[in-house]
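Below, each value reflects all heavy atoms present in this structure, side chains not excepted, and no hydrogens, waters or symmetry copies.
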2 protein chains.
Amino acid sequence: MSETRATQLENALREAGVRVTRQRAALLRIIAASEDHPDAAELHARAERAGAGVSLATVYRTLTTLQAQGVIEKLEFQDQPARWEAADQHHHDHMIDVETGAVVEFTSDRIERLQAEIAAEMGYEIVHHRLELYVRRAR
Amino acid sequence: MSETRATQLENALREAGVRVTRQRAALLRIIAASEDHPDAAELHARAERAGAGVSLATVYRTLTTLQAQGVIEKLEFQDQPARWEAADQHHHDHMIDVETGAVVEFTSDRIERLQAEIAAEMGYEIVHHRLELYVRRAR
DNA sequence: TTGCGTGCAAATTTTTTGCAAGCAC
DNA sequence: GTGCTTGCAAAAAATTTGCACGCAA
């Protein structure tokens with residue numbers, strides 16, 4: 001029983017009571033296959049190219065739905081339209097090269113721990129967080 | 001020679017070749033006096049209340065100008081219009097209570113150091129960063 | 001006096017929504 | 001068959017911009 005990731009997700013969605021329409025299946029596959037972090041317009045274009053007719057309004061609605069299901073995550077980099085990525089196994093943060101726009105993913109358990117500590121000290125618990133490093137190649 | 005913070009800033013702006021108009025002076029004072037993190041519409045409203053006629057377009061243009069001068073900073077919290085704060089002496093990050101919307105400022109040298117380390121490891125240097133903790137009161 | 005800054009209204013950009021028709025289950 | 005989804009076009013929300021006039025230096 002080897003299923004593609006996208007197929008697994010479709011089943012999970014159905015179980016959660018979310019209808020798997022042609023449009024949702026198409027976007028799910030496109031996002032799962034994306035190595036980068038496309039925005040709504042780009043996903044719309046990719047769906048178009050893939051021969052899947054999906055209106056831009058549906059792209060937006062689907063992204064909201066998939067996010068609510070925890071299947072994808074929304075990224076909001078500085079002064080840019082929102083971008084999206086598959087909610088992968090492991091959480092990670094992003095480093096954005098301000099010169100090229102390249103996005104690199106990274107993780108740091110130590111930073112995560114420190115964040116939790118700081119929140120706790122002030123009487124809070126973290127729901128989620130956002131960490132972005134805007135960087136430049138070191139000379 | 002005791003000048004208000006706003007007056008100091010006005011002089012600095014003039015020296016940088018930026019004209020200090022009635023509108024800019026008004027916004028500068030309003031932001032310097034703000035304890036919170038108002039967005040453009042709110043600043044427009046406060047200017048109105050203060051009796052300073054400043055059009056919304058000018059609020060936006062002024063914010064861009066002051067940011068370019070390093071006098072104020074732009075905050076972009078999740079799914080919200082941009083907010084602004086005076087670029088104070090010490091850098092800090094933000095913690096947002098997802099239930100009340102309250103914003104708490106905090107700093108952590110250890111996190112800052114770790115960020116620099118991580119970037120360095122990947123051959124980058126940090127230009128600036130953004131760290132937001134979305135939190136909830138611990139029970 | 002000079003040209004940068006402002007107001008106003010119109011335009012852009014990104015995202016959301018109402019409504020009638022379509023399709024997943 | 002039922003009602004959640006979709007497409008389309010219009011609307012909303014946030015921000016930007018063209019242009020003629022005003023004012024800081």
Side-chain angles (χ1 to χ4, degrees), chain A residues 6-7 9-30 37-48 50-69 71-84, chain B residues 6-7 9-30 37-48 50-69 71-84:
Chain A
T7 306
L9 290 175
E10 285 179 19
N11 292 331
L13 287 178
R14 252 182 293 261
E15 266 165 57
V18 177
R19 291 187 186 176
V20 177
T21 61
R22 175 179 60 73
Q23 293 86 336
R24 286 177 180 171
L27 288 171
L28 209 46
R29 279 173 166 63
I30 290 170
H37 307 84
D39 62 20
E42 176 61 26
L43 287 169
H44 182 237
R46 290 185 192 179
E48 202 61 57
V54 182
S55 73
L56 184 56
T58 292
V59 169
Y60 276 105
R61 282 189 278 229
T62 300
L63 291 172
T64 302
T65 300
L66 296 181
Q67 179 185 33
Q69 295 302 316
V71 168
I72 62 174
E73 274 171 29
K74 186 179 193 176
L75 306 177
E76 294 175 291
F77 297 152
Q78 209 136 266
D79 300 312
Q80 297 180 36
R83 296 161 165 244
W84 303 82
Chain B
T7 306
L9 290 173
E10 284 179 21
N11 292 332
L13 288 178
R14 253 183 292 262
E15 265 165 59
V18 177
R19 293 189 184 173
V20 178
T21 61
R22 176 178 60 73
Q23 293 86 337
R24 287 176 179 170
L27 287 171
L28 208 48
R29 280 173 164 63
I30 290 169
H37 308 84
D39 62 20
E42 176 60 24
L43 287 169
H44 181 237
R46 290 185 192 180
E48 202 61 56
V54 184
S55 75
L56 184 55
T58 292
V59 169
Y60 276 105
R61 284 189 278 228
T62 299
L63 291 172
T64 302
T65 300
L66 295 181
Q67 181 185 31
Q69 294 302 318
V71 168
I72 61 174
E73 274 171 29
K74 187 180 192 176
L75 306 177
E76 293 174 292
F77 298 153
Q78 205 135 267
D79 301 313
Q80 296 179 40
R83 295 162 165 243
W84 303 84

- request: Determine to 10° how strongly the helix from dT1(C)-dA25(D) to dC25(C)-dG1(D) is bent, judged from the axes of its five-pair ends.
  value: 40°
query: Any idea which heavy atoms bring Leu13(A) and Leu28(A) closest together, and the distance?
result: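 Heavy atoms of Leu13(A) and Leu28(A) come nearest at CD1-CD2, 3.8 Å.
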message: Test: salt bridge (charged side-chain N to carboxylate O under 4.0 Å, His left out). Region: residues 11-28 of chain A. Which pairs qualify, not counting sequence neighbours?
response: Glu10(A)-Arg14(A)
task: Any pair with a residue in residues 72-83 of chain A that passes salt bridge (charged side-chain N to carboxylate O under 4.0 Å, His left out), sequence neighbours left out, goes on the list, sorted by first then second residue, please.
output: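 Matches after skipping sequence neighbours: Lys74(A)-Asp79(B), Glu76(A)-Arg130(A), Asp79(A)-Lys74(B).
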Rounded distance (nearest 0.5 Å) linking atom NE2 of His44(B) with atom CG of Asp39(B): 12.0 Å
query: Want to settle it: does Thr62(A) or Ala82(B) sit nearer the 5' end of DNA chain D, counting the closest nucleotide to each?
result: Thr62(A)
What integer distance in Å separates [X]:[atom1] from [N]:[atom2]?
X	N	atom1	atom2	answer
Leu13(B)	dA25(D)	CG	C1'	14 Å
Asp39(B)	dT15(D)	CG	C1'	12 Å
Glu76(B)	dT15(D)	CD	P	8 Å
Leu56(A)	dT13(C)	CG	P	14 Å
Glu42(B)	dA14(D)	CD	C1'	16 Å
Arg24(B)	dG7(C)	CZ	C1'	14 Å
His44(B)	dA13(D)	NE2	P	17 Å
Asp79(B)	dT16(C)	CG	C1'	13 Å

With sequence neighbours left out, write down each residue that passes side-chain contact (heavy atoms from CB on, under 4.5 Å) with [X], or none if nothing qualifies.
X	answer
Ala26(A)	Ala52(A)
Ile72(B)	Ile31(B), Leu63(B), Leu66(B), Gln67(B), Trp84(B)
Gln23(A)	Thr21(A), Val54(A), Thr58(A)

query: Can you name the residues that form a ring-ring contact (aromatic ring centres under 6.0 Å, His included) with Phe77(A), not counting sequence neighbours?
result: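 His94(A).
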So which protein N/O to nucleotides 17-19 of chain C N/O distances come out below 3.5 Å?
| from | atom 1 | to | atom 2 | distance (Å) |
| --- | --- | --- | --- | --- |
| dG18(C) | O6 | Arg61(A) | NH1 | 3.3 |

Check side chain to side chain donor-acceptor pair (under 3.5 Å) between [X] and all other residues, then give those that pass, not counting sequence neighbours.
X	value
His37(A)	Glu85(A), Glu105(A)
Glu48(B)	none
Gln78(A)	His128(B)

Look for any protein N or O under 3.5 Å of an N or O in nucleotides 21-25 of chain C and output each such pair with its distance, or none.
| from | atom 1 | to | atom 2 | distance (Å) |
| --- | --- | --- | --- | --- |
| dC25(C) | OP1 | Arg14(A) | NH1 | 3.4 |
| dC25(C) | OP1 | Val20(A) | N | 3.3 |

